[in-house]
Amino acid sequence: MLLLLAESMLPHLNVSLNATATVLLLIGFALIRNRREAAHRWVMLSCFGVSMVFLVTYLLHKYWYGDTKFPADQYPLMAWVYYPLLASHVVLAMAVPILALTTIVLGLRDRRAAHRRWARITFPIWLYVSVTGILVYLFLYQWFR
């Protein structure tokens, strides 16, 4: 019974975590633009924490229930949008934990120049993965069930 509840709830929990990470990324970006470094640090650490909780719940969902298939036979034209979106999302998502952790460690060690260089790469990729994660959820669980 608990696993059935988890099956129906995990995708919604995951998208909520993903949306939270997206908002935190944008807040963190705004904070550093306004030179509020301490607030930026805490928001970005929170974002990383939310992202790690997402990763755990996402992996649990995949382990317990496998992949959720897009109904390409019913929506063949939308499959041409969904699959490239999914492919770019998955490939870049694999890099985010490494990029984010490297960027965070450099920031915490006060290696500002290196932190900024990594952040210029990490931020847009992490934001793209977060937003496309929300879109994948919408494709699978809301728009094209």
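Position 1 is the first residue of the sequence, and the numbers go up from there. Computed over heavy atoms, backbone and side chain alike; hydrogens, waters and symmetry mates excluded. Since we're looking at a predicted model, the values are computed, not measured.
- The shortest side-chain heavy-atom distance between Trp64 and Leu10 falls under the 4.5 Å cut-off.
- Residues Phe54 and Ile98 do not share a hydrophobic cluster, defined by chaining ILVMFWY side chains whose heavy atoms lie under 4.5 Å apart.
- Cluster membership for Phe144 and Trp80, using ILVMFWY side-chain heavy atoms within less than 4.5 angstrom, is not shared.
- One N or O on the side chain of His115 and one on the backbone of Thr103 form a donor-acceptor pair closer than 3.5 Å.
- Val81 has its side chain within reach of Phe139: a pair of non-hydrogen atoms, C-beta onward, lies under 4.5 Å apart.
- A heavy-atom distance below 4.5 Å is not found between the side chains of Leu60 and Lys62.
- Between Val15 and the options Ile134, Val136, Leu135, Leu140, a side chain to side chain contact (heavy atoms under 4.5 Å, CB included) holds for only Ile134.
- Annotation: side chain of Phe48 is in contact with side chain of Ile104 (closest heavy-atom distance under 4.5 Å).
- Transitive grouping of hydrophobic side chains (ILVMFWY, heavy atoms separated by less than 4.5 Å) brings Phe123 and Ile121 into a common cluster.
- Hydrophobic clustering places Leu17 together with Tyr63 (ILVMFWY residues linked when any side-chain heavy atoms are closer than 4.5 Å, directly or through intermediates).
- Counting heavy atoms from C-beta on, the side chains of His89 and Met94 never come closer than 4.5 Å.
- Note: the hydrophobic cluster containing Ile32 does not contain Leu127 (ILVMFWY, side chain heavy atoms under 4.5 Å, direct or indirect links).
- Side-chain contact check for Val105 versus Leu108: every heavy-atom pair is 4.5 Å or farther apart.
- Residues Leu25 and Trp126 form a side-chain contact, since some pair of their non-hydrogen atoms from C-beta on lies under 4.5 Å apart.
- Looking at Tyr141 and His12, their side chains never bring a donor and an acceptor atom within 3.5 Å of each other.
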